[in-house]
Visitor: 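Below: one structure in structure tokens.
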Amino acid sequence: MDAGAIPTDDCPGGVDCYLTLESGQSYLWERDDGEMYAGEPNPEAWYETVVDGHLLRVRQRDGRLEWESTTDAADLVRERLRLDDDLERIAARAPDDPLVREAYAAHTGLRLVADPPFPTLISFICSAQMRVRRIHRMVSTLAAAYGDELVVDGRTYHAFPTPDQLAGATEDELRDLGLGYRAPYVVRTAEMVASGEAHPEAARDLPYEEARDYLTQFVGVGEKVADCVLLFALDFDEAVPLDTWIKGAITDYYPDCDRGSYADTSRAIRERLGCVDGDVPDRYAGYAQTYVFHHLRTGAVGD
DNA sequence: TTCCAGGAAATGG
DNA sequence: CCATTTCATGGA
């Protein structure tokens, strides 16, 4: 195994693995203590995932982000955990708003992730009306049932299934795995990607709102899930998924941003949570969203 | 029991 | 176009 360590001081604004990987953005990692999404950090535990047929694992202790991999993964760790984002600057430019300030202050080191688009698309199709812990369980179950096996040091890991592998599943199989009414959505979307009818990666080059519309052609993908894919996998830092928690924040803290439709409310809250950057009116709105989401969901608001 | 969870699709007006 | 209803499932 290749290995390395990155001093967290090298990451402007710090980095917190637990907050980043267990805040409901990514469901593609497992913890080797079996306590993923159980609500408690463990500095000794490794976060493990399979990337392009290679095992990658990271953990954080003593001010260093340690990684091990079956390949040279130094650049991969930087990319997936967005270690080059200048969190200090992003937080400093965030709106001077009590909720946003409190959320940034309470969860230092929380970074957006840069996950692969197809697994993210399927993860958030599964997310409909689910708690984060169950979403993670569903994604893990899909990997175990349909993903490629990887054996390292006598332990078996599973990659997230490819579009072809998931398209080979049946609706009944996925219902038996506990996906409920999302089962046909997952199969049909996997078929769309496997056949070449459409691919989430194609949204990357479109303007934000066109990219969101493009993703909604996938079965089981509405505007909210599309926003999650744009934010967590396609580098759209302005995307603000309007889920139950953010809608609650709009009701309680930003009632003037409620414009009725998703598209209009989205525009208003993006400009409220983001910052003006040249002719861009909503820069990093998705970053603020991720902090506020986590702050509200974990019940940390007001300390 | 009832309610809720990072909603979307189908239906009805 | 917008509002309502239906769809699974496990945990508190």
Side-chain angles (χ1 to χ4, degrees), chain A residues 19-29 35-39 103 107 110 112-113 115 117 119-142 169-192 198 200 212-234 236 239-252 258-266 269-270 273 285-301:
Chain A
L19 290 175
T20 301
L21 296 177
E22 300 193 53
S23 53
Q25 308 178 64
S26 180
Y27 300 96
L28 304 175
W29 297 74
E35 296 296 309
M36 192 72 184
Y37 279 114
H107 312 288
L110 170 58
L112 283 175
V113 298
D115 272 347
T120 303
L121 181 65
I122 299 299
S123 294
F124 281 94
I125 287 173
C126 290
S127 78
Q129 297 294 100
M130 283 290 134
R131 288 178 171 81
V132 294
R133 195 168 176 182
R134 282 198 64 203
I135 300 166
H136 181 264
R137 188 193 312 164
M138 293 165 75
V139 172
S140 300
T141 300
L142 287 178
T170 67
E171 177 180 335
D172 285 345
E173 287 173 358
L174 297 191
R175 283 183 184 274
D176 287 343
L177 292 179
L179 268 70
Y181 61 79
R182 305 151 198 83
Y185 300 165
V186 168
V187 175
R188 292 177 62 190
T189 287
E191 287 171 346
M192 290 175 72
R212 194 177 63 198
D213 287 344
Y214 177 86
L215 291 179
T216 61
Q217 75 184 287
F218 293 105
V219 183
V221 178
E223 292 167 299
K224 184 269 168 185
V225 167
D227 267 330
C228 288
V229 177
L230 294 177
L231 182 61
F232 303 136
L234 293 173
F236 285 82
V240 174
L242 301 184
D243 63 90
T244 169
W245 293 102
I246 297 300
K247 284 178 180 172
I250 290 172
T251 299
D252 296 342
D258 185 356
R259 308 292 167 86
S261 75
Y262 188 101
D264 291 344
T265 302
S266 168
I269 193 66
R270 271 172 13 234
L273 294 183
Y287 241 110
Q289 175 276 156
T290 291
Y291 276 81
V292 168
F293 169 82
H294 187 255
H295 197 55
L296 293 175
R297 190 182 69 80
T298 56
V301 56

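Order of the sequence lines sets the chain letters (A, B, ...), proteins ahead of strands, with each chain counted from 1.
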Visitor: How close or far is atom P of dG11(C) from atom CD1 of I135(A), stated in whole angstroms?
Guide: 14 Å
Visitor: Check the distance between dA8(B)'s C1' and L242(A)'s CG and give it to me in whole angstrom.
Guide: 15 Å
Visitor: With pairs taken as Watson-Crick or G-U wobble and both distances under 3.5 angstrom, which stems of at least three consecutive pairs involve DNA chain C?
Guide: B:2-5 with C:9-12, B:7-13 with C:1-7
Visitor: For residues 181-192 of chain A, which side-chain donor-acceptor pairs fall under 3.5 Å, sequence neighbours excluded?
Guide:
unit_1  : atom_1 : unit_2  : atom_2 : d
R182(A) : NE     : C126(A) : O      : 3.4
R182(A) : NE     : A128(A) : O      : 2.9
R182(A) : NH1    : L179(A) : O      : 2.8
R182(A) : NH2    : A128(A) : O      : 2.8
T189(A) : OG1    : Y185(A) : O      : 3.2
T189(A) : OG1    : V219(A) : N      : 3.1
T189(A) : OG1    : V219(A) : O      : 2.7

Visitor: Quick one: are K224(A) and F124(A) in side-chain contact, heavy atoms under 4.5 Å?
Guide: yes
Visitor: Say you pick atom P in dA8(C) and the same atom in dT11(B); how far apart are they, in whole Å?
Guide: 14 Å
Visitor: Please give, in whole Å, the distance from dG7(B) P to L179(A) CG?
Guide: 15 Å
Visitor: Roughly, in whole Å, what's the span from CZ in R134(A) to P in dG7(B)?
Guide: 13 Å
Visitor: To the nearest 0.5 Å, what is the distance between CG on D115(A) and OH on Y27(A)?
Guide: 10.5 Å
Visitor: For E35(A), which residues count as a salt bridge (Lys or Arg N to Asp or Glu O under 4.0 Å) partner, sequence neighbours excluded?
Guide: none
Visitor: So Q289(A) and D227(A), do their side chains get closer than 4.5 Å, heavy atoms only?
Guide: no
Visitor: Salt bridge (Lys or Arg N to Asp or Glu O under 4.0 Å) with D264(A): which residues, sequence neighbours excluded?
Guide: R267(A)
Visitor: Could you work out, with ring pair (Phe, Tyr, Trp, His ring centres under 6.0 Å) as the rule, every residue matching Y287(A), not counting sequence neighbours?
Guide: none
Visitor: With a 4.0 Å heavy-atom cut-off, tell me which residues in residues 216-233 of chain A come close to DNA chain B, sorted by residue number.
Guide: F218(A), V219(A), G220(A), V221(A), G222(A), E223(A), K224(A), V225(A), F232(A)
Visitor: So, taking the atom named OH in Y214(A) and the one named CG in L234(A), what distance separates them when rounded to the nearest 0.5 Å?
Guide: 10.5 Å
Visitor: Closest approach of G286(A) and L112(A), non-hydrogen atoms and distance?
Guide: O-CD2, 4.3 Å
Visitor: Look up atom NE2 in H136(A) and atom CE in M36(A), then write down how far apart they are to the nearest 0.5 Å.
Guide: 4.5 Å
Visitor: Using 0.5 Å steps for rounding, measure from the OG atom of S266(A) to the CD1 atom of I250(A).
Guide: 8.5 Å
Visitor: So which of residues 287-297 of chain A are in contact with DNA chain B, with a heavy-atom cut-off of under 4.0 Å?
Guide: Q289(A), F293(A), R297(A)
Visitor: Mind checking ring pair (Phe, Tyr, Trp, His ring centres under 6.0 Å) for H107(A) and listing every partner two or more places apart, or none if nothing turns up?
Guide: H294(A), H295(A)
Visitor: Tell me the interatomic distance from I125(A), atom CD1, to dA8(B), atom P, rounded to whole angstroms.
Guide: 10 Å
Visitor: Please write out each protein N/O paired with an N/O of nucleotides 5-7 of chain C under 3.5 Å, distance rounded to 0.1 Å.
Guide:
none

Visitor: Within the sub-3.5 Å range, which N or O atoms of nucleotides 11-13 of chain B have a protein N or O partner, and how far apart are they?
Guide:
none

Visitor: Do L28(A) and V113(A) come within less than 4.5 Å of each other through their side chains, counting heavy atoms only?
Guide: no
Visitor: Provide, to the nearest angstrom, the distance between the CZ atom belonging to R182(A) and the P atom belonging to dG10(C).
Guide: 11 Å
Visitor: Round to a whole Å and report the spacing from CG of L21(A) to P of dG6(B).
Guide: 18 Å
Visitor: Nearest to the side chain of M130(A), which nucleotide is it out of dG11(C), dT9(C), dG6(B)?
Guide: dT9(C)
Visitor: How long is the span from the CZ atom in R133(A) to the CD atom in E22(A), to the nearest 0.5 Å?
Guide: 10.0 Å
Visitor: How close or far is atom P of dG7(B) from atom CG of L215(A), stated in whole angstroms?
Guide: 17 Å
Visitor: Could you go step by step and tell me if I125(A) and M138(A) meet the side-chain contact (heavy atoms from CB on, under 4.5 Å) rule?
Guide: CA-CA 11 Å; I125(A) 287 173; M138(A) 293 165 75; over 6 Å; no
Visitor: I'd like a list of close polar pairs between nucleotides 2-4 of chain B and the protein, N/O only, cut-off under 3.5 Å.
Guide:
unit_1 : atom_1 : unit_2  : atom_2 : d
dC4(B) : O2     : R131(A) : NH1    : 3.1
dC4(B) : O2     : R131(A) : NH2    : 3.4

Visitor: With rounding to the closest Å, how many angstrom separate the P atoms on dG6(B) and dT5(C)?
Guide: 24 Å
Visitor: So which atom in T265(A) and which in G260(A) form the shortest heavy-atom distance, rounded to 0.1 Å?
Guide: OG1-N, 3.5 Å
Visitor: Give me the atom names and distance for the closest heavy-atom approach of L296(A) to A249(A).
Guide: CD1-CB, 3.7 Å
Visitor: Only distances under 3.5 Å count here; give the side-chain donor-acceptor pairs of residues 239-248 of chain A to other protein atoms, sequence neighbours excluded, each with its distance to 0.1 Å.
Guide:
unit_1  : atom_1 : unit_2  : atom_2 : d
D243(A) : OD1    : W245(A) : N      : 2.6
D243(A) : OD1    : I246(A) : N      : 3.4

Visitor: Determine: side-chain N/O of R137(A) to OP1/OP2 of dA5(B), distance under 4.0 Å, yes or no.
Guide: no
Visitor: Nearest 0.5 Å, please: how far is CG in L142(A) from CG in L174(A)?
Guide: 6.0 Å
